[in-house]
Amino acid sequence: MFAVKGILLQVLLAGITPLLFTLFLGRLGTEFQEIKKKTSQSVQIQRSLLLSCLIMIFLCFLFSTVLLNTIYLNLSLIPVILSILYGTYPIGIFVSIVSIISFFCLTDYWTEPAIFLGSGALLYPVLILFVSRFKKANVSKKKMMFTIIWLSYTFLCYGFVVLKTDFSEHVQVEFAVYSLLYIFSSLVVLLATIHLMEKTLRHHGFASELEVRWKEYRHQFDMNEHLLNTVPVSVVAFDTEGNIVNANTRMLAQMESSNNFQAIPPEEMIGKRIETIIGEEHGLRVTERIQSANHDGEISSEYLRVGANTFYTTISPVKDPVSGRVIGSSLVLQDMTELETLRNELAHVERLGLVGQMAASITHEVRNPMAVVRGFLQLMREKSPRSLDHYYRIVMEELDRANSIINDFLSLAQNQASEKEEVHLHHIIKELTPLLLADANMRGQTIELNLCDEIPSKHVNPKEIKQLILNLARNGMEAMGNKGTLIIGTALEEGNVKLSVSDNGPGISLESQNKLFEPFYTTKSKGTGLGLSLCLGIAERHNATICIDSEEGKGTTFTVIFKNG
């Protein structure tokens with residue numbers, strides 16, 4: 001009974017090796033991954049194998065016994081064999097040397113058979129030679145190969161013991177029984193450990209591959225999610241029943257910012273239908289298109305007007321990449337409101353341009369008969385009594401006013417390129433000063449010039465710039481009434497030349513400032529509303545802008561900024 005217990009104890013200890021290896025493989029793998037994210041899987045396996053084999057060698061030596069003074073019960077060979085078969089060459093050789101040294105240091109059983117059998121001195125070199133063939137073979141061949149090696153080695157060692165030892169008949173029977181039990185139980189546990197090692201390594205390989213695939217899938221999923229959330233359109237995904245399963249952040253932001261959509265928290269949106277977001281009126285049509293995409297696999301595109309917003313919608317089927325079966329659909333909404341507004345404005349501008357061209361042609365033709373009418377009126381005035389002079393004067397003044405409006409309109413409508421030359425702005429201002437002073441004297445006003453000596457010459461059309469300054473100056477003088485001061489100044493700021501015309505009149509309201517440059521808008525009783533429009537056109541042709549700084553009761557300043565270059 002003691003012999004059986006000793007054999008079973010060694011079998012159990014040796015059989016624990018693959019279980020301990022599995023435990024260490026999981027534990028060390030987790031710790032190494034936390035320390036170093038890219039820890040090699042083979043390094044984890046080798047470290048786990050080395051640690052489990054060394055522990056089991058120590059335990060086998062610790063609980064080793066001797067039967068019949070000839071059978072040395074110590075299955076430390078099993079963990080050594082596993083380290084040779086499944087470890088690298090350095091690990092296999094290292095564990096073998098540790099086992100042999102432990103045998104000579106920890107046991108006093110020094111018979112020749114025990115040295116061969118217990119220390120494994122003959123077995124380990126043979127195994128090292130067969131390692132490459134062993135690793136290439138399948139599991140059944142590995143078991144068969146190792147069975148032949150193990151039986152050959154053990155029978156050789158125990159046969160040598162029988163030849164060298166004189167046994168009594170009773171001891172001979174016991175020796176044979178216990179030897180066979182020890183040999184075959186050792187073989188069984190060896191085959192079981194090989195089977196467990198193969199299964200553990202295969203499962204670990206599957207787990208490692210699964211982890212790699214999961215990381216790749218997660219990375220791809222995050223990339224797709226990031227891409228979906230960064231596209232400048234709203235995207236909603238539906239299942240085959242037409243229920244919402246996902247929506248990108250653009251869609252959520254659209255729902256929060258728009259009064260046309262019903263704002264629903266993201267977690268409550270899942271499982272809802274599109275009608276809950278855009279309403280029954282438009283949602284039913286979208287649902288029909290979603291069902292068509294799910295059943296027929298058709299892609300449809302339509303404009304959808306929700307309130308004041310216009311959306312270009314595209315509904316596409318979503319297919320399984322493997323089976324090709326439709327598993328849902330996607331709705332893409334692109335806000336076209338601003339583009340539609342721009343299109344309408346462009347069409348309006350084109351119509352206005354056409355009307356302007358027609359009006360310019362008509363006014364040009366009207367001006368000729370007006371000149372004939374004025375000429376005949378002058379002849380008639382000379383032959384009419386003096387009592388009718390004031391009537392003729394009124395008619396001729398109105399004709400002159402109409403002709404002035406036509407000239408301003410034609411100047412505004414013309415789009416020909418202006419001829420420019422290098423001129424200093426001060427020269428133009430000084431040429432206009434006598435005319436402006438005469439006009440100011442008649443009104444009881446004064447004019448001041450604040451000219452900066454540092455401004456450079458500009459490439460401009462002198463006639464158009466004269467007209468620009470004259471219109472701004474006369475607007476300022478007309479706004480001031482009597483005894484006002486008009487200030488014309490120039491300045492150089494950040495390389496840009498500034499021309500300013502300031503008056504101390506009543507100022508302009510904010511509402512009027514927003515409409516000042518619109519054609520035919522005027523705040524004067526006898527104004528045409530074309531002067532500032534004409535000034536704006538001149539400024540644009542000279543790469544300049546006009547700014548207004550006005551405060552009611554304190555006056556107005558028009559600043560023309562000629563941009564550098």
| Heavy-atom side-chain proximity of I45 to L201 below 4.5 angstrom | yes
| query | Which atom pair, heavy atoms only, marks the closest approach of C452 to A491? | reply | CB-CA, 4.0 Å
| Between L492 and P456, which heavy-atom pair has the shortest distance, and what is it? | CD1-CD, 4.0 Å
| task | Side-chain contact test, heavy atoms from C-beta onward, threshold under 4.5 Å: evaluate it for V460 versus E464 and give yes or no. | result | no
| field | Any F558 side-chain heavy atom under 4.5 Å of I548 side chain | value | yes
| Smallest separation among heavy atoms of A293 and I315, with atom names | CB-CG2, 3.9 Å
| field | Non-hydrogen side-chain atoms of I469 and E431 separated by less than 4.5 Å | value | no
| query | Taking the side chain from Q445 and the backbone from M477, do they hold a donor-acceptor pair closer than 3.5 Å? | reply | yes
| Just wondering, do R285 and E302 contact through their side chains at under 4.5 Å, heavy atoms? | yes
| message | More than 12 heavy atoms of other residues, nucleotides or ligands under 6.0 Å from OH of Y303: yes or no? | response | yes
| Going from NZ on K420 to NE2 on H542, what distance comes out if it is rounded to the nearest 0.5 angstrom? | 5.0 Å
| task | Please round to the nearest 0.5 Å and tell me the distance separating atom CG of L425 and atom NZ of K498. | result | 14.0 Å
| field | Non-hydrogen side-chain atoms of V560 and L472 separated by less than 4.5 Å | value | yes
| task | Mark yes when over 12 heavy atoms from residues, nucleotides or ligands other than E216 sit less than 6.0 Å from its CD; otherwise mark no. | result | yes
| Below 4.5 Å, heavy atoms only, C-beta onward: do D222 and R218 meet side chain to side chain? | yes
| said: Any non-hydrogen side-chain atom of L486 less than 4.5 Å from a side-chain atom of L436? | reply: no
| request: Looking only at non-hydrogen atoms, find the nearest pair between N504 and G484 and report the distance. | output: OD1-CA, 3.7 Å
| request: Could you go through the side-chain contact (heavy atoms from CB on, under 4.5 Å) check for L50 and Q46 one step at a time? | output: CA-CA 6 Å; L50 176 62; Q46 298 305 319; over 6 Å; no
| request: Looking only at non-hydrogen atoms, find the nearest pair between T433 and L449 and report the distance. | output: OG1-CD1, 3.9 Å
Quick one: side chains of residues 231-244, donor-acceptor pairs under 3.5 Å with protein atoms, not counting sequence neighbours, listed by atom name and distance.
| from | atom 1 | to | atom 2 | distance (Å) |
| --- | --- | --- | --- | --- |
| D239 | OD1 | E241 | N | 3.0 |
| D239 | OD1 | G242 | N | 3.0 |
| D239 | OD1 | N243 | N | 2.8 |
| N243 | OD1 | R273 | NH1 | 3.3 |

| message | Suppose we screen for side-chain hydrogen bond (donor to acceptor under 3.5 Å, both in side chains). Which residues come up paired with S323, at least two apart in sequence or across chains? | response | D320
| task | Using the side-chain contact (heavy atoms from CB on, under 4.5 Å) rule, take Q467 and N471 through it: C-alpha gap first, then chi angles, then the decisive distance, then the call. | result | CA-CA 6 Å; Q467 189 174 7; N471 284 355; 4.0 Å; yes
| task | Keeping the roles fixed (side chain from D296, backbone from E298), state whether a donor-acceptor pair exists under 3.5 Å. | result | no
| task | Give, for atom CG of L470 and atom CG of N475, the distance between the pair rounded to the nearest 0.5 Å. | result | 9.5 Å
| Inter-residue atom distance K319.NZ - R325.CZ, 0.5 Å rounding | 12.5 Å
| request: Report the residues that fulfil side-chain hydrogen bond (donor to acceptor under 3.5 Å, both in side chains) with D335, sequence neighbours left out, ordered by chain and then residue number. | output: T337
| side-chain contact (heavy atoms from CB on, under 4.5 Å) between T485 and E448, intermediate numbers included | CA-CA 7 Å; T485 301; E448 294 182 5; 3.9 Å; yes
| What heavy-atom pair brings I428 and P462 nearest, and what distance separates the two atoms? | CD1-CA, 4.1 Å
| Can you check whether I455's main-chain N or O pairs, donor with acceptor, with H424's side chain at less than 3.5 Å? | yes
| field | Between S500 and T559, a side-chain donor and acceptor under 3.5 Å | value | no
| query | Could you state the interatomic distance from CG (L339) to CZ (R343), rounded to the nearest 0.5 Å? | reply | 4.0 Å
| task | Output, in order, the C-alpha distance, side-chain angles, deciding distance and verdict of side-chain contact (heavy atoms from CB on, under 4.5 Å) for R289 and T313. | result | CA-CA 10 Å; R289 294 167 57 198; T313 63; 2.9 Å; yes
| R213/E209 salt bridge by N-O under 4.0 Å criterion | yes
